[in-house]
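The structure is given below, and queries will be raised subsequently.
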Amino acid sequence: MSDPQLTSVNAASLAGDNIFKVFGPKPARALEMAVAGVSRDDILRETGNTVAVRDVSFDVVPGETFVVMGLSGSGKSTLIRCIAQLVELTQGSVSLNGRDLTAMSEKELRDVRRNNMSMVFQHFGLFPHRRVIDNVAYGLEVQGIDRAARHKRALEILDIVGLGGWGDHYPQELSGGMQQRVGLGRALAVEPDVLFFDEPFSALDPLIRRDMQNELLRLQADMGRTIVFITHDFDEAIKLGDRIAIMKDGEFDQVGTAHELLSNPATDYVREFTEDVSRTKVLTAGHVARAEKSGDPMATIIVGAEQPIDTILGTLLSTDEPVAVRGTNGELIGVVDRSAVIELVGGT
Amino acid sequence: MKRLLAVLLAFALCAAACGGDDDDSSASSGASDDKPTISFVVNPWTASALNVQVAAQLVESELGYPTDIITIDENEAMFTGLADGTVDAVLEIWPSGITETEQSFFDDGSVVNIGDLGAVGKIGWFVPQYVLDQRPEMASWEGLTTADAGAYFATAETGDRGRFLGTDPSYSQYDALLIDNLDLPFDVQFSGSEAATVAELDSRAAAGEPVLMYWWTPTAAVGKYDLVNVSLPAFTPECGASGAAADADVACDYPEDPIFKAVSAGLADKAPDVQAFLEAFTITNADQLEMLPAAEIDGEDVADVAAAWIEAHADVWSAWVS
Amino acid sequence: MIERVSRAPKWGIWALCVAVAVGLQVAFASSESFPAGLDHTFSDPIDDFGRWQQSARRTNVLFTGFFTPLSDMVGWALDTVESVLLWVPWYVLPAAIFVVVARTKGWVVGLIPAAVMVYPGLVGLWEVTIDTFALMIISVSIAVALGVPLGVWGALNTRVEKSIRPVLDAMQTVPAPVYFLPMLMLFGIGRVPATFATVIYALPPVVRLTTLGIREVPPAAVEASEMFGATKRQTMTRVQLPMALPTIMTGVSQTIMMALGIVVLATLLGAGGLGQEIMETLSQRRTGRGFATGLAVVAIAIVLDRLGRALAVTDRSKLPGRKVMAGAAVAIVGLTVFGLASGITEFPEVWSVKIFDPIDNGVVWIRDNLRWLTRGFNDLVVADFYVPVRDLLTETIAWPVLLWIGTFVGWRIGGVRLAVFSLSMMVAVGLIGMWNQSLDTLTQVVAAVILSVAIAVPVGVWAGRNPRVEAFLGPILDALQTIPSLVYIIPAVIFFTVGVVPGIVASVLYAIVPGIRITALGIREVPAESIEAAQLFGATRRQTMLGVRLPLAAPTIMAGINQVIMMVLAMVIISGLVGGGALGFAAVSAVKRSDLGIGFEVGFAIVAIAMILDRTTAAVADRLRPVAGH
């Protein structure tokens, strides 16, 4: 199943630096106020401008899946468009592998888009007048790759995303989930270093959504690309994200791993999201392990650090002793107490 | 694919079968490729169309030029077309209709008068004979002066005054001035087009309703509807009428119009033999009246009517082409 | 704005209006008609310019360097298309139409336009039809070639769109013949000025709908294309234009319909073709033949419409293979060669034209037997409406009173802006000496609008409630909109007599089409829940209609009435051809006599009436719309 061209990792680093985006008639004045820390509502009242993104900075390391989670109106959609340069930043910069995207000419940016990045859209953004195969091949087509070569590549991609044999159909003949597979395939076909996902699964049924999430995890396990993923679904964020940024009113409230957010929410807003999450599903043995203390009894049972807590519950309950947690290379990370897990299950 | 071809083939066969007996009608059979196209102006009345058809068919068949016939009102645009060579010839210009601007084209030499057509036109006021049967005094304008005469021709729109039916505004007419200066109880209502005038005449004649209108000879309608020319004060050059721009005090009949032909100044170089042909070209009132009923009353195609005339009068036109 | 105005006590405001009007009437009772202070002020320079351009045509670089070459180019294109179409054997054209349409729509659908194309030949109109067909192909091509890029530009640039829109509005309000004179001036006589007049008249729909179509492309599709590094041009040609194509094609078919409306009138420019044929035929009172010729115009409409739709198909999956198309191409070339070689190229005269004689006989029968009805109707409209109202407006009521009432009504309906606009337009019309003629035309327009609305609204309501009625009316309405009105206006003269009535009747026949269609749409769009709610409360059918359906459909119906008014105004020039007098006759006269100055004044007066009525009815429609956000 795995395709050699997908497994080769050529992921990129991506960084945003003090990004501001203001919509409206007098952006300069509004920006000044935003930098000075005036509230969004006050700026809107005074200048008629909306501050959609305010002073956002981040670093995404190669191969990382960085999820931006926020409710509607939080500015997450604008942020990803700023990162992808689909809208112009009011202030700040975005760099890909150290190259400043905001300083590029139109042509340079076009080359970066053709070779280094692509995007999957919320409502798919498919081209209804093109067959599935020509949708998938679109990125290659605009690069000027000849028809035979791009169709060959598109057929491979269709197999990878599970749409083998559907190439000659038109998008509207496909179900929603299949359409988004086309969108995914279209993004993968150009072998990007970084992939942007703008709420790609929010328009899908819950079951289909779960399938697609698993599909993405599977693909990402193979290809290890740098991913920026936008969602309004906190469960989706902790399922997919290596790190998660919680966005509110155009700003990042907190950035961290799922464990960091759950165990140490920075604001009440973040805490509200974490409350309903089933921790035992999210947290792994590694997350709750503590360092071995001198008085500890000898741990005879060993679990893997990456195992979610709910898979080791039975093991923990069967013994009074701490359980040892080992990393992927067999090194000892620490131990897990039953008491720690009971506290977790009981809730904070 | 086979079905498609079969359909096309059937189409072709049918076409061949239906059209098999009709391959000799090409009007331009005598035209050769290297000769320029001669463009004739035709004005929107039947006599003009007949004259042009006779000339154009002869130019094609006897002189070998392709021809083109362009319909346009008798107005300044027609003269502009002649002056810049868009069109080459016009065969029926009524002198009474020449405006000052139009005259300037003759004066600067860009349009050339090449002599009379032969037919003499006469614009005037006409009533159907049945009007005179009831009101014999209306054969002359003096019979139209009374309020009663006005009421006789009144319509819903003119109230108690008489309705005088004017025509296509591009035709030269100054009836409103005549009515004013002769102090007649009439208002002019313009039909706006010859088609509307004829429709109105037809409708009125069918019911025997009175109508007083602008019309002219030679036309077939005069015979068909038995139209009679109402006599107006006799035309004299002094009485005020001077072409289309009639003086405000005009109070006499329209003049007789010796119709003439004109060509673009460039025709003499473009096709000298056509120029010579057109100079000799002559159509008289008798010729027109011979052709007009077939076209205007029987509704035959003007091209066919002209062809029939050519067929019957080889003795007349052979002199023009030699 | 509206809130504030309507809060004032109504009777007080209107009492004030009446008081001022009475005062003005007393003060100006003995005054003459509107002082035409600016008569000749504009027309004389325009006439001078007209005279200047006559000599300048041969010398001025504007003509020698631009208009004349442009004219030559278009003339060449017209000649080429026409001579090719006449050179190939006649059956090649229907065959080619069949292949093009059948290629995307299936061979059954392809047969329809092919068969329709044969019709003009059967009634002996092949060559004149080809003449008009060529003119249509070239004008519609130019309109699309100009309109689509313009529409795209408007879609990409809001500022451009904002500056184009009022021009397009004006182009749609200005009655077409107003363009005729400038075209005569710039391009001389014949088919070339007719082509340009047609292009200008028919351009707005394709521009508007291209802009709309491009705007309606989902932003995600455009972003997606951009994200893959497509250039702006690639995004436009590969994503935006293809996705907007169905909307653009709707614009193109509207453009075709508008172009057909004008090519017939273009006979006034010396364009020849079917328009000329219709005019000549009608001069000979051959109504049946005129009808046959009108149907040839309808045939062109059908063929061009189907061709456009067939060419616009984007779904390439269902196209026949290359072999089939190659076979078809070979077959067509074969047909051509075969025809040329055997000399079987001209349309055989197989069908006697006599089949239209029943129409001629019918006209004569109505003329002789229904005179009491037609003439009675004529005299009723003329004596009891037209003459009294016209005299009231032009003689009895002093002009300042009319200015005051017009301004006041504008203010009440559309606020200060509309009041100022109406006032300045009325004053301008008066100053250039068109006051009485405009009021005369206005009287005729009002008569035609009243009759149209009286027919269109009930019929539209009926059609809106009963799909079967609507299906039955569909083809009739299509025919009314496509058959050139000249065809039925001359018989109307025979029935009603020369005067205002034939023009009014023709306007009504033309204008009820959008009136019925839009009313039916409005009735159909009333939400089902509203009707059900009324029925639950026990409303009778009559109560439901008067209390729910009509009020909810009112804004749409008002928009329909607005269309009715515009259509009636478009027919003003036609009424000038059958004795309607006033502005219509002045326009006909100006075009026929090449009177540029008068043409300009008449054109301005018609446009002024059109814009005042358009904005006023649009404002009424706005007020009827339920206020949002309460």
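Just so it is clear: chains get the letters A, B, ... in the order the sequence lines come, proteins before strands, and each one is counted from 1.
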If one checks every heavy atom of Asp168(B) against chain C at 4.5 Å, the contacting part turns out to be side chain

Can a side-chain donor-acceptor contact be found between Glu60(B) and Thr67(B) if the only test is distance below 3.5 angstrom?
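Per modelled atom types, Thr67(B) and Glu60(B) side chains form a pair under 3.5 Å.
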
Could you look at Val500(C) and say if it's the side chain, the backbone, both or neither that has a heavy atom under 4.5 Å from chain B?
both

Between OH of Tyr386(C) and CG of Asn378(C), what distance do you get to the nearest 0.5 Å?
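CG of Asn378(C) is found 11.5 Å from OH of Tyr386(C).
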
Heavy-atom distances under 4.5 Å only: say whether Leu165(B) touches chain C with side chain, backbone, both or neither.
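Looking at Leu165(B), just its side chain touches chain C.
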
Chain B heavy atoms under 4.5 Å from Phe496(C): which part of the residue, side chain, backbone, both or neither?
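For Phe496(C), no heavy atom lies under 4.5 Å from chain B.
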
Asp160(B) (side chain) donor-acceptor with Ala151(B) (main chain) under 3.5 angstrom
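Here the side-chain-to-backbone pair does not exist.
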
Check each atom of Arg191(C) against the heavy atoms of chain B and say whether the ones under 4.5 Å are side chain, backbone, both or neither.
neither

Name the region of Val578(C), side chain, backbone, both or neither, that has any atom closer than 4.5 Å to a heavy atom of chain B.
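Val578(C) touches chain B through backbone and side-chain heavy atoms alike.
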
Can you tell me which portion of Glu200(B) sits under 4.5 Å from chain C's heavy atoms? Options are side chain, backbone, both or neither.
both

Answer whether the closest heavy-atom distance between the side chains of Trp45(B) and Thr219(B) falls below 4.5 Å.
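SC-SC contact between Trp45(B) and Thr219(B) ruled out.
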
Which atoms of Leu269(C) are under 4.5 Å from chain B, going by heavy atoms: the side chain, the backbone, both sets, or neither?
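Answer is backbone: N, CA, C or O of Leu269(C) sit under 4.5 Å from chain B.
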
Using a cut-off of under 4.5 Å on heavy-atom pairs, state which of Ser193(B), Gly166(B), Ala49(B), Ser191(B) scores highest against chain C.
Ser191(B)

Where on Asp379(C) is there a heavy atom nearer than 4.5 Å to chain B: the side chain, the backbone, both, or neither?
both

Gln53(B) and Asp304(B): side chain to side chain donor-acceptor pair (under 3.5 Å), yes or no, with the steps?
CA-CA 9 Å; Gln53(B) 278 293 339; Asp304(B) 298 339; over 6 Å; no

Do Pro169(B) and Val588(C) have side-chain heavy atoms sitting under 4.5 Å apart?
yes

Chain C contacts, top residue of Glu209(B), Glu157(B), Glu194(B) (heavy-atom pairs, under 4.5 Å)
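Looking at each option in turn, the highest pair count goes to Glu157(B).
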
